[in-house]
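Residue numbering restarts at 1 for every chain, and letters A, B, ... go by the order of the sequence lines. No experiment lies behind these values; they were computed from the predicted model shown.
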Protein chains: 2
Amino acid sequence: MMSAQAPEGYDKYAFEPFAVTVDLAVFTVRDGRLHVLLVERGQDPYAGAWALPGGFVLPRESAGQAARRELAEETGLSDEVVASLHLEQLRTYSDPDRDPRMRVVSVAYTALVPDLPEPRGGGDAAQARWLPVGSYDRLAFDHERILADARERIGAKLEYTCLATSFCPPEFTLGELRQVYETVWGTTLDRPNFRRKVLATPGFVEPVAGAARLTGGRGKPAALYRAGGATALHPPLLRPEGKPS
Amino acid sequence: MMSAQAPEGYDKYAFEPFAVTVDLAVFTVRDGRLHVLLVERGQDPYAGAWALPGGFVLPRESAGQAARRELAEETGLSDEVVASLHLEQLRTYSDPDRDPRMRVVSVAYTALVPDLPEPRGGGDAAQARWLPVGSYDRLAFDHERILADARERIGAKLEYTCLATSFCPPEFTLGELRQVYETVWGTTLDRPNFRRKVLATPGFVEPVAGAARLTGGRGKPAALYRAGGATALHPPLLRPEGKPS
DNA sequence: GCAAAAGTGTTCTAGTTACACCCATGC
DNA sequence: GCATGGGTGTAACTAGAACACTTTTGC
């Protein structure tokens with residue numbers, strides 16, 4: 001924002017121009033692994049490297065609007081679906097040398113989506129793909145850092161919000177919901193305690209009457225639930241501390 | 001960040017230029033009230049209104065560096081002191097119409113400082129002043145919103161970090177530390193329980209051997225403490241829920 | 001029957017809450 | 001003395017952790 005100290009008759013073009021972009025860290029859980037949506041760069045710098053999807057903020061849109069627009073373009077999802085997704089501003093990355101070409105300030109966003117069909121190419125040339133986190137060599141620019149920040153953020157968010165249901169299809173079992181936590185946190189959780197905790201939080205999930213589904217091929221069919229209306233998780237569901245998977 | 005889909009031979013000046021600024025929400029506790037550092041605007045828009053201090057990000061600095069530079073200018077604190085302060089990126093505000101003059105994207109930062117001497121004018125014309133939160137009519141631009149977000153953030157931060165000591169002078173009593181929590185949260189806390197909680201958290205505070213100080217003019221002199229090395233507060237110190245002051 | 005996954009019950013304990021109570025100081 | 005704020009003690013309550021156990025399915 002212009003402060004009171006800004007020069008009086010300033011000139012819009014007096015400064016070296018800043019480009020403002022958005023970067024998206026979009027996660028999903030597939031086959032019990034955390035996946036992130038990436039695009040392959042076709043040109044230098046970082047030609048051939050994977051990068052987070054993103055793009056310029058247009059002159060008449062906010063960064064949040066730009067993020068939703070880019071997400072719709074990259075995933076091929078309908079506007080209504082994209083509008084209903086949970087998109088959260090992560091933070092802004094502004095190191096002067098983060099892009100060698102020019103001064104680019106990027107507002108990063110995070111989204112959690114259920115396991116989607118492989119994204120169609122969208123309007124752009126480069127194909128967007130879901131890749132397991134850690135399965136790539138190196139990300140372009142400072143995207144490695146952004147992705148790490150995003151992982152940390154969603155891990156923390158699961159503790160005190162009901163956001164985990166965003167990773168799930170419309171109807172899901174408590175086992176699937178638990179797997180979301182275990183995948184994101186890289187831990188195992190006590191099944192009985194997890195169940196009680198979730199059911200004891202009003203509005204976290206609501207049962208689908210009479211419905212049940214087999215999960216692993218064997219075992220007792222699990223009851224189905226839908227996401228409830230609650231967003232906060234009080235008291236929080238804390239991840240175990242020094243506990244590896 | 002430039003995505004893989006960015007136009008190839010792009011022109012730095014092809015877009016309407018974005019200005020990138022920082023805004024600062026700097027808090028202190030004075031006389032048991034939460035104060036925020038504000039500057040009075042001398043020119044339109046919002047001439048005469050109070051605004052958060054801030055300014056342009058220079059071509060060769062990051063937003064965080066700009067925030068520290070502006071903070072030093074506004075408060076008149078030495079560079080070493082400013083370098084040691086806790087400055088945290090809050091979020092970025094990018095509504096296209098948030099500044100009527102041009103497109104300004106602002107990265108907001110929050111800082112917590114102990115009760116400082118009234119800031120000297122700094123290099124700039126407008127005087128910066130500490131004002132109790134809520135004691136002004138209206139803030140310029142979307143600064144009301146930024147300030148509200150900043151308050152919420154620091155309130156939450158006190159719950160699970162040891163950051164409250166940033167509001168205190170180098171040596172402080174547990175009563176003063178408790179008052180920080182009560183002021184920011186607008187609640188009262190049980191004194192004995194607060195004391196135990198703080199002392200039971202390793203590294204939150206460390207005693208200053210033998211030192212004591214009278215606080216309210218009356219009463220038993222209180223032992224003095226210094227901030228410890230810990231940053232996280234495990235388990236957290238949760239604010240009471242439906243409890244007014 | 002056996003393995004696997006869902007679902008229920010129970011015990012133990014750390015952490016918090018809500019108090020009552022004593023101590024040291026200024027007026 | 002008495003008001004004021006610092007400091008200690010303690011009983012009740014709550015949420016969570018750990019783990020045994022039952023149920024329902026596929027093979």
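- Taking the charged nitrogens against the carboxylate oxygens, A:Glu88 and A:Lys157 do have a contact shorter than 4.0 Å, which makes a salt bridge.
- Under a 3.5 Å cut-off, the side chain of B:Thr201 and the backbone N or O of B:Phe204 do not form any donor-acceptor pair.
- Among the nucleotides C:dC19, C:dG9, C:dT16, the one closest to any side-chain atom of A:Pro192 is C:dG9.
- Residues from residues 154-175 of chain A placing a heavy atom under 4.0 Å of any atom in DNA chain C, listed by number, are A:Gly175.
- Counting any heavy atom pair closer than 4.0 Å across all strands shown, B:Ala212 reaches no nucleic acid atom.
- Within 4.0 Å (heavy atoms only), B:Ala200 reaches no atom of the nucleic acid at all.
- Between B:Asp190 atom CG and C:dC21 atom P there is a gap of 15 Å when expressed in whole angstrom units.
- Atom P of nucleotide C:dG7 and atom CG of A:Leu177 are separated by 12 Å, given to the nearest angstrom.
- Less than 6.0 angstrom separates the ring centroid of B:Tyr181 from the ring centroid of B:Phe194.
- The 5' end of DNA chain C is approached more closely, in terms of each residue's nearest nucleotide, by A:Arg218 than by the other of A:Arg218 and A:Leu224.
- A side-chain donor-acceptor contact under 3.5 Å links B:Ser106 and B:Asp23.
- Rounded to whole Å, atom P of C:dA6 lies 11 Å from atom OH of A:Tyr225.
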Do any N or O atoms of the protein come closer than 3.5 Å to N or O atoms of nucleotides 21-23 of chain D, and which pairs are they?
none

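- For the pair B:Lys197 and C:dG15, the criterion of a side-chain N or O lying under 4.0 Å from OP1 or OP2 is not met.
- As judged by a 4.0 angstrom heavy-atom cut-off over every strand, A:Arg178 is placed among residues touching the sugar-phosphate backbone only.
- No contact: A:Leu238 has no heavy atom under 4.0 Å from any strand.
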**OP:** Using the side-chain contact (heavy atoms from CB on, under 4.5 Å) rule, take A:Asp142 and A:Asp95 through it: C-alpha gap first, then chi angles, then the decisive distance, then the call.
**Re:** CA-CA 9 Å; A:Asp142 52 0; A:Asp95 187 89; 5.5 Å; no
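- A straight line from CD of A:Glu176 to P of C:dA6 spans 9 Å, rounded to a whole angstrom.
- Side chain B:Arg196 to base D:dG9: a donor-acceptor pair is found below 3.5 Å.
- A salt bridge does not link B:Glu159 with B:Arg153: every distance from a Lys NZ or Arg NE/NH1/NH2 to an Asp or Glu carboxylate oxygen is 4.0 Å or more.
- Proximity of a side-chain donor or acceptor of B:Glu182 to a complementary backbone N or O of B:Leu189 within less than 3.5 Å is detected.
- Using a 4.5 Å heavy-atom threshold, the side chains of B:Arg151 and B:Phe27 count as touching.
- Look at NE2 on A:His234: it is 16 Å from C1' on D:dT14, rounded to the nearest Å.
- Between B:Arg129 and B:Glu74 there is no salt bridge, since no side-chain N of the basic residue sits under 4.0 Å from a carboxylate O of the acidic one.
- Rounded to a whole Å, the CG atom of B:Leu214 is 6 Å from the P atom of C:dG26.
- Across the protein-nucleic acid pair, A:Gln179 atom CD and C:dA6 atom P stand 10 Å apart, rounded to whole Å.
- Position along DNA chain C of the nearest nucleotide to A:Leu199 versus A:Thr215 favours A:Thr215 as the more 5'-ward residue.
- Here D:dG16 presents its P atom at 13 Å from CZ of A:Phe194, a figure rounded to the nearest Å.
- Contact annotation: the side chain of A:Leu37 never approaches that of A:Leu52 to less than 4.5 Å [non-hydrogen atoms, C-beta and beyond].
- Taking side-chain N and O atoms only, A:Arg195 has no distance below 4.0 Å to OP1 or OP2 of C:dA6.
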